[in-house]
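Position 1 is the first residue of the sequence, and the numbers go up from there.
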Amino acid sequence: MNYFPERWRTDKLHCILVVCWLLTVLSSFAGSYLLPIEVSGVGTWFAFRTLLPLTAALYIACAIRDKTFFWRGSTTLEKWCYIFIASLLFCCALSVPRAMELRFTVDRIFNLIFVLIFFFLALQMCRNKDVRRLTLCTCGLMLVVVMLLGVYEVFFGGLVSPRYDTLQQFCFFSRKGQPPTVFNANTNDYNTAIVMLIAAILVDAFSAKNQEPSKGKLWYLFFLFSVGYFLALAGEARLCEVGYFVLLAALFLYALLRGKKCRWVPILILCCFLVVQFASRSHYIIPQAKAYVQSLSDPDKADMDFLDIFRDPASTSIGNEFATVDDKTGEKTLNESGSAGVRMKLLLHAGQCFLDSKGLGVGIGNTEILAKDNAVIKSYQIWSIHCFLARLVADCGIFALLPLCAIVFLLLKKQLRGMALAIRRKERPLLGSCLLLLAALISYPIVSTAPSDAQDIIAMWIFLAVLVLTTEELPTALQADKKEG
């Protein structure tokens with residue numbers, strides 16, 4: 001916290017910029033619930049939408065005063081991120097005359113421009129490690145708040161929205177609960193934001209090569225994983241659950257490489273996961289366990305497989321969620337009543353839009369409008385693609401696909417080269433850092449597919465900026481290796 005007093009004496013404008021940036025990050029957690037104002041013809045204007053342009057203006061003022069240009073001094077990976085931003089802004093301009101429903105497309109473009117400005121500022125502001133640390137401390141503090149509010153909502157009802165108050169579908173031992181949302185539009189958005197921020201905090205705070213994480217950080221990590229997983233189960237955010245296990249697997253390897261001091265953390269987290277799983281399924285596990293014991297002692301009872309104890313009798317298999325079989329013809333079709341089948345059909349629609357446009361994209365917003373007009377999902381009124389990356393590529397074509405492929409390639413290249421160097425030099429801490437970064441990258445396409453569209457989830461853009469900047473710090477060791485050669 002000495003950053004502000006020391007910097008204030010030398011650069012007041014920069015301090016004001018950092019304060020505005022932190023307030024922007026802070027306001028993003030409350031979204032449209034913080035100081036909302038209805039503006040005619042625009043919609044709801046709230047604190048985040050006021051603070052972001054102010055922060056951008058202060059950044060420009062600092063850049064002009066210091067005669068700095070963001071492109072100069074940027075790494076190749078950062079430059080591809082800027083190309084990605086510029087390419088999407090170019091698509092925004094092209095999409096307006098092509099809009100099938102102008103109001104919907106304009107809303108999509110307006111929100112996209114805001115999040116791209118935020119992403120650009122996140123990349124620029126968090127290049128300074130002190131500002132990055134302050135940003136993630138702000139996120140870490142707010143993350144605890146929204147998670148505790150989520151736990152409250154599960155058992156006592158919605159705090160700001162009663163949307164799920166009548167949906168008591170979550171069981172925790174004998175108590176009924178509802179999906180949590182807090183300040184988000186729905187439970188998938190809420191859980192996605194939590195997983196993204198946990199991943200950002202994990203790769204930044206727990207990948208320092210030269211120091212072991214403190215006991216306080218380890219207990220904080222345990223809290224985030226255990227409560228976060230509980231909230232994902234309560235919200236039935238299954239893709240977020242997968243994301244937790246991907247990060248936990250990397251954390252296990254990280255702990256093995258780091259030393260005995262932190263090995264208890266992933267073990268304790270896994271035990272907590274199992275306890276939460278049992279508590280949420282005890283309403284059928286306990287009766288089925290009793291039936292299994294009776295079947296062993298009573299020869300007249302039908303034999304029961306031990307694994308049947310843990311199977312939810314009300315659930316359907318993944319295969320049945322994806323496809324249904326016609327009783328007469330035996331033909332398999334995608335199941336429109338199952339989440340997996342619906343998502344797959346929408347993904348195929350997005351792929352078809354990309355192909356029909358010859359790779360140029362159908363225009364921002366038009367992929368969803370085409371899904372609605374063509375009744376891609378006939379059983380329900382669902383036309384959000386439920387995969388941000390697929391929707392973006394279908395909308396913008398190669399203008400989004402090429403920069404995205406370049407960014408992913410460079411991230412993987414740097415992380416894998418870092419792992420190779422760590423193995424060659426037998427640097428276990430560096431190898432652990434690379435594994436955490438790789439797990440975060442792998443978890444992104446999984447977790448970002450959980451909500452109907454992740455575009456407006458600010459936590460995702462914070463995560464992406466931290467992932468890029470933290471990965472960029474790996475080549476320092478590689479450059480030193482070249483000098484030695």
(request) May I have the step-by-step check of side chain to side chain donor-acceptor pair (under 3.5 Å) for Thr24 and Thr55, ending in yes or no? (result) CA-CA 8 Å; Thr24 303; Thr55 305; 2.9 Å; yes

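- Side-chain contact, Asn111 with Arg49: a donor N or O sits under 3.5 Å from an acceptor N or O.
- Of all heavy-atom pairs between Ala400 and Cys396, the closest is CB-CB, 3.8 Å.
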(message) Run the side chain to side chain contact (heavy atoms under 4.5 Å, CB included) test on Ile407 and Trp80 for me, step by step, so that the C-alpha distance in whole Å, both residues' side-chain angles and the decisive distance to 0.1 Å come before the verdict.
(response) CA-CA 6 Å; Ile407 291 167; Trp80 271 108; 3.9 Å; yes

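- Side-chain atoms of Leu370 and Cys353, non-hydrogen and from C-beta on, do get closer than 4.5 Å to each other.
- In summary, Asp204 and Lys129 do not engage in a salt bridge, as defined by a charged side-chain N under 4.0 Å from a carboxylate O.
- With contacts defined as side-chain heavy-atom distances shorter than 4.5 Å, the pair Leu26/Leu22 does not qualify.
- Here Leu51 contributes atom CG and Ser27 contributes atom OG; the two are 5.0 Å apart, rounded to the nearest 0.5 Å.
- Using a 4.5 Å heavy-atom cutoff, the side chains of Ser443 and Val195 are not in contact.
- Nearest heavy-atom pair, Asp453 versus Glu368, reported as atom, atom and distance to 0.1 Å: OD2-OE2, 4.3 Å.
- Here Phe183 and Phe29 keep their ring centres 6.0 angstrom or further from each other.
- You'll find the ring centres of Tyr82 and Phe70 inside the 6.0 Å limit.
- Using a cutoff of 4.0 Å between basic side-chain nitrogens and carboxylate oxygens, Glu472 and Arg127 are not scored as salt-bridged.
- What you find for Leu467 and Ala440 is that their closest heavy atoms are CD1-CB, 4.1 Å.
- A donor-acceptor pair shorter than 3.5 Å can be found between the side chains of Glu78 and Thr75.
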For residues 134-156, which side-chain donor-acceptor pairs fall under 3.5 Å, sequence neighbours excluded?
unit_1: Thr135; atom_1: OG1; unit_2: Trp21; atom_2: NE1; d: 2.9
unit_1: Thr135; atom_1: OG1; unit_2: Val131; atom_2: O; d: 2.7
unit_1: Thr138; atom_1: OG1; unit_2: Leu134; atom_2: O; d: 2.9
unit_1: Glu153; atom_1: OE1; unit_2: Thr181; atom_2: N; d: 2.8
unit_1: Glu153; atom_1: OE1; unit_2: Val182; atom_2: N; d: 2.9
unit_1: Glu153; atom_1: OE2; unit_2: Leu159; atom_2: N; d: 2.9
unit_1: Glu153; atom_1: OE2; unit_2: Val182; atom_2: N; d: 3.4

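- One distance of note links OG1 of Thr449 with CZ of Arg343; it measures 7.5 Å at 0.5 Å rounding.
- Taking both residues in full, the closest heavy atoms of Gly228 and Asn191 are given as O-OD1, 4.3 Å, listed atom of the first, atom of the second, then distance.
- Under the 3.5 Å distance criterion, with hydrogens and angles disregarded, a donor-acceptor pair is assigned to the side chains of Asp165 and Gln178.
- Atom SG of Cys434 is separated from atom CZ of Arg417 by 11.5 Å, given to the nearest 0.5 angstrom.
- Counting heavy atoms from C-beta on, the side chains of Ile369 and Phe104 come closer than 4.5 Å.
- The aromatic rings of Phe119 and Trp461 lie tilted to each other, with the angle between the two planes from 30° to 60°.
- Using bins of under 30°, 30° to 60° and over 60° for the plane-to-plane angle, the ring pair Phe114/Phe110 lands in the tilted bin.
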(request) Show the numbers, then the answer: is there a side chain to side chain contact (heavy atoms under 4.5 Å, CB included) between Tyr254 and Leu436? (result) CA-CA 7 Å; Tyr254 171 85; Leu436 286 177; 3.5 Å; yes

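- Here the CE atom belonging to Met460 is positioned 4.5 Å from the CZ atom belonging to Phe388, to the nearest 0.5 angstrom.
- The two residues Ala193 and Ala459 make their nearest non-hydrogen contact at O-CB, 3.6 Å.
- You'll find the side chain of Leu112 stays beyond 4.5 Å of the side chain of Arg108, heavy atoms only.
- Asn128 places a side-chain N or O within donor-acceptor distance of the main-chain N or O of Asp130, the cut-off being under 3.5 Å.
- When every heavy atom of Ile269 is checked against every heavy atom of Leu251, the shortest pair comes out as CD1-CD2, 3.8 Å.
- Between the side chains of Glu236 and Thr187, no donor-acceptor pair of N or O atoms lies under 3.5 Å.
- In this structure, Tyr229 has its ring center at least 6.0 angstrom away from the ring center of Phe225.
- Between Asp356 and Val362 the shortest side-chain heavy-atom distance does not fall below 4.5 Å.
- The distance from atom CG of Leu94 to atom CG of Asp395, rounded to the nearest 0.5 Å, is 12.5 Å.
- Side-chain atoms of His386 and Val342, non-hydrogen and from C-beta on, never get closer than 4.5 Å to each other.
- A ring pair (Phe, Tyr, Trp, His ring centres under 6.0 Å) with Phe230 is found for exactly one of Phe273, Phe223, Tyr244, Phe170, namely Phe170.
- Residues Leu35 and Trp45 have side chains not in contact (no heavy-atom distance under 4.5 Å, counting atoms from C-beta outward).
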(request) Take Met196 and Ile457 through the test side chain to side chain contact (heavy atoms under 4.5 Å, CB included) and record every step on the way to the result. (result) CA-CA 10 Å; Met196 292 286 189; Ile457 300 176; 5.7 Å; no

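- In this structure a side-chain-to-backbone donor-acceptor pair under 3.5 Å is present from His349 to Thr367.
- Within the 3.5 Å criterion, the main-chain N or O of Ile364 finds a donor-acceptor partner in the side chain of Ser95.
- Within the model, atoms CG of Leu402 and CD1 of Ile83 stand 10.5 Å from one another, a figure rounded to the nearest 0.5 Å.
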(request) For Val96 and Leu102, run side chain to side chain contact (heavy atoms under 4.5 Å, CB included): C-alpha distance rounded to whole Å, both residues' side-chain angles, the deciding distance at 0.1 Å, then the answer. (result) CA-CA 7 Å; Val96 175; Leu102 185 60; 4.2 Å; yes

